[in-house]
Amino acid sequence: MDKKQLQEKARQIRLDAVEMIAKAGSGHPGGSLSATDIMVALYYSKMALYEDPADERRDRFVLSKGHSNPPLYAILADKGYVPKEEMQYLRRLHHPFQGHPDSAKCPGIDCSTGSLGQGISVAVGMALGFKLKKMPNKVYAIVGDGEIQEGICWEAFMAAAHYKLDDLTVFIDKNGLQIDGTTDEVMSLGDLKAKMEAFGFAMDEIDGHDFDQILTALDKFTEGKPHCIIANTVKGKGVSFMENAVGWHGKAPNAEQLEQARKDLGGN
Amino acid sequence: MADVVKKATRHGYSEGLVELAAQHEDIICLDADLGSATGSQAFRKAYPDRYIEAGIAEQDLIGMAAGLARTGLSPFANSFAVFAAGRAFEIIRNSVCYPNLNVKIVGSHCGITPAGDGGSHQCIEDVAAMRALPNMTVLSPCDFNQAKLMAKLLYEHKGPCYMRTSREPMPIVTSLEDKIEIGKAQILRHGSDVCIVATGVMTALAVAAVDELAAEGVNAELVNIHTIKPLDMDTIAAGVKKCGGKVLVCEEANMYGGLGEAVARGLVETDGIKFDHVAVMDRFGQSGLSGELLEEYGITSANIKAHAAALAKR
C-alpha cells in the first residue's frame, strides 16, 4: 500500500475502533487512536502474513498495551481472520473480541496481553525462540509510554539486548498521557531515547502518525541489536475532542460524541 | 544398619531433565541466576545452547518462557519457589495460565528446609498460590527418584505446570521403576488404623513415622501425593474410609490453601455434612455484560437458591 492508501485504511480502522467502543459502552479510545497508524503500517505494509492466522511462518505482533485493542480487532476483521460482524460484539460474553486481547479466544492474536509490561517480556521470549529455532520471523511490539513504568519492561529490554535480538522491533507509543495525568506528572520517563540507547537498542524517533517516517524506520536493521522506535503520537488522534485529553483514556463516547467522531473521521 | 541414601529432589529433577533433553531438542532450560542452586547448572553444562539465563529477573524469566512456548519450544523455568511462585505470580497468571501455554515452572528450595537462608527465602505459600490458578497442574515429588521421573511427566504434559522441589537431601523412599502418573496418588504403606496423606519431603518423614508406629502396633495407610492438583480424591477417600475416617495430612507449606485444605474439601461430604459450593469453579473470567457474566459463572441469587434447595432435599 502507498501512503495515501495507508492513510485511508487508518481512517477506516479508527472509525471502526470508535464505533466498536461506542457500541460496547466501554473501552480505551485514547491509546487506541494513538497507536492505530503503527498497527496499520505493520499489518498492511510490513509484516509477513498468511491466509491462516496461525501459520508458523508469520511475523508476530504483540500489543503490549493491550487495552488499545479495538484497532487491532478492526484489522483482524478486515483481514478476514475474524468475521466482520464480531465488531458488533466487542467485550461481550463468548465473543472473540475480549476487553483485552485473548489469544485463546481470538484468531490472529499472537499474545494475550492486558496486564501492562508482560507483552514486551513475552515478545522478547518469542524473538529468542525464533533465534534458537533459526527461523527468520520478525517480532513487533507496541508498548505504551506509561506502560514502561512497569519494572518488567526494563528486565525485558535488558534481555533483548543481551541476546542480540535484532529481529525484534519495539515501538514506544509516546502519547504522553496516562490515566492520572501526563507521564511527566505521574512518573516522568526522562530522556527515553538516551535510556533505551543505554539499554542497548538501535534507536529511532519519529512522528508516529507519519507513514513515511514509520515505514522508513521499519526498514532499518542493525545487526546484533534490537530496534526501538519512539513514536511521538497524539492520544485520541483523529477525533477532535479526544485529542490530547486525559479523560479519554478509558471511556466510551455517547451518541452525540459518536456523531462528532464520525464527522471527524469522515464516516457517515 | 546401612546408611540411608539421602538426595535432594532438586537434583533428581535436574538429572531427569538433562537425560530427557537428549531425546527432545525442544526442551529449553531457563534460570534466574540460581542455576547452581536449583540444579539447572547441569543442564547448562550439557546443553549450553538451550540454556537461557534471565538474570536476577524472575518476572522476565516467566515472560520469556511464555514467549518461547509461543514459538513451539518447551521451556522449563527455574528459580527458588519464593521468587518463581511469589514474585512472578501475576506473570504466571496472565501470560502462562490465562492463555494456557506449555510452560513448566520449577520452584526449588520450597518450604522451610532451606533452613539457613531464613524466612525471606522459605516459601510456604506456593502451593496455595499455584493451586488457585485455573489451568495449572501442581506437582510435589517426595524424593530424588520421584523428582527424576517427574521431569518426564512434566515434559509429556502439555500445559502450565508448577513443580516444587527441595534443597535438603532426604531419604529415598520410592523407586525409579515406579509407574507414576499425574493426578494419581501413590500408596506407600497399607494399614487401617489411620490414614496419612503426605507430600514432598513430608512423605519421607512419614515413612519413618509409619514404620515406627507399626512396631508399636499401629498400622497406618500412607498415601503419597505427588500431584496436588488435580488431586486424586478417590484414592484418598478410600484410604480414609478404610481407616475409619481418621486422616492426617502432612505438608511442608502453610496450613491455609495447601494440601490439607484440599483434602478436607474433598472429604467433608463423608462425615454426614452435605457440602456444596457456589464460587468461580477454577476457570478464568472473560468479557461480558455484568449481569450475563455473573449468570455464566453462577454468581447469582438464583444459583444460590437452586443449590441450597437441592441440598435441602438431599
Side-chain angles (χ1 to χ4, degrees), chain A residues 24-27 56 60 62 64 66 89-105 109-133 135 137 139 141 150-160 162-163 165 168, chain B residues 25-30 32 47 49-75 77 87-101 103 134-135 159 283-297:
Chain A
S26 66
E56 70 162 17
R60 307 298 156 90
V62 176
S64 197
Y89 301 104
L90 175 68
R91 299 181 155 235
R92 292 298 299 272
L93 190 63
H94 301 315
H95 285 278
F97 293 159
Q98 293 283 298
H100 291 87
D102 183 343
S103 63
K105 291 193 176 71
I109 292 293
D110 292 328
C111 183
S112 299
T113 54
S115 177
L116 294 177
Q118 297 188 26
I120 183 60
S121 178
V122 178
V124 167
M126 285 168 148
L128 183 56
F130 290 130
K131 186 172 176 168
L132 291 172
K133 294 173 87 172
M135 287 167 70
N137 311 50
V139 178
E150 290 279 6
I152 185 176
C153 295
W154 301 95
E155 297 182 3
F157 293 153
M158 260 192 285
H162 181 80
Y163 286 105
L165 302 179
L168 173 72
Chain B
E25 286 194 353
D26 55 325
I27 293 178
I28 307 290
C29 178
L30 303 92
Y47 301 101
D49 296 343
R50 286 151 62 189
Y51 180 83
I52 299 298
E53 177 61 70
I56 309 169
E58 294 79 13
Q59 300 178 65
D60 194 44
L61 168 83
I62 301 300
M64 283 202 294
L68 291 168
R70 283 191 178 277
T71 68
L73 293 167
S74 298
R87 191 185 202 103
F89 173 79
E90 201 249 339
I91 325 294
I92 296 174
R93 184 206 189 267
N94 275 319
S95 290
V96 175
C97 289
Y98 183 59
N100 203 13
L101 297 183
V103 174
N135 296 332
R283 54 190 286 224
F284 283 112
Q286 60 188 302
S287 288
L289 302 176
S290 77
E292 65 181 1
L293 199 66
L294 296 176
E295 185 79 31
E296 170 76 16
Y297 287 77

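Quick note: numbers below take in every heavy atom, side chains included, and nothing from hydrogens, waters or symmetry partners. We name chains A, B, ... by the order of the sequence lines, and we start the count at 1 in each one.
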Close side-chain approach of B:Arg70 and A:Ser112, heavy atoms under 4.5 Å: yes
Top of A:Lys133, A:His162, A:Met135, A:Arg60 for chain B proximity - count of heavy-atom pairs under 4.5 angstrom: A:Lys133
Closest-packed option against chain B by number of heavy-atom pairs under 4.5 Å, given A:Gly114, A:Gly119, A:Ser103: A:Ser103
Interface residue of largest heavy-atom contact number with chain A, from B:Leu101, B:Leu61, B:Ile91, B:Leu293, under 4.5 Å: B:Ile91
Donor-acceptor pair between A:Gln118 and B:Glu90 side chains, under 3.5 angstrom: yes
Short side-chain donor-acceptor distance under 3.5 Å, A:Ser115 and B:Arg93: no
Donor-acceptor contact below 3.5 Å, side chain B:Gln59 vs main chain A:Ile152: no
Structural part of [X] lying under 4.5 Å from a heavy atom of chain B:
{"X": "A:Ala156", "result": "both"}
{"X": "A:His94", "result": "both"}
{"X": "A:Cys153", "result": "neither"}
{"X": "A:Tyr163", "result": "side chain"}
{"X": "A:Asp110", "result": "backbone"}

Over 12 foreign heavy atoms within 6.0 Å of [atom1], [X]:
{"X": "A:Glu56", "atom1": "CD", "result": "no"}
{"X": "B:Phe284", "atom1": "CZ", "result": "yes"}
{"X": "B:Gln286", "atom1": "CD", "result": "yes"}

Does any heavy atom of chain A fall under 4.5 Å from the side chain of [X], the backbone, both, or neither of them?
{"X": "B:Glu296", "value": "side chain"}
{"X": "B:Glu58", "value": "backbone"}
{"X": "B:Asn100", "value": "neither"}
{"X": "B:Ile62", "value": "neither"}

When rounded to the nearest 0.5 angstrom, what is the spacing between [atom1] in [X] and [atom2] in [Y]?
{"X": "A:His100", "Y": "B:Asn94", "atom1": "NE2", "atom2": "CG", "answer": "10.0 Å"}
{"X": "B:Ile56", "Y": "A:Met158", "atom1": "CD1", "atom2": "CE", "answer": "9.5 Å"}
{"X": "B:Ser287", "Y": "A:Gln98", "atom1": "OG", "atom2": "CD", "answer": "4.0 Å"}
{"X": "A:Leu128", "Y": "B:Ile28", "atom1": "CG", "atom2": "CD1", "answer": "8.0 Å"}
{"X": "B:Tyr297", "Y": "A:Leu93", "atom1": "OH", "atom2": "CG", "answer": "7.5 Å"}

Considering non-hydrogen atoms only, spot the tightest contact between [X] and [Y] and give its length.
{"X": "A:Val122", "Y": "B:Ser95", "value": "CG2-OG, 3.8 Å"}
{"X": "B:Met64", "Y": "A:Ser121", "value": "N-OG, 3.5 Å"}
{"X": "A:Glu155", "Y": "B:Asp60", "value": "OE1-N, 2.9 Å"}

Passing candidate, side chain to side chain contact (heavy atoms under 4.5 Å, CB included) with A:Leu132, options B:Asp26, B:Asp49, B:Ile52, B:Thr71: B:Ile52
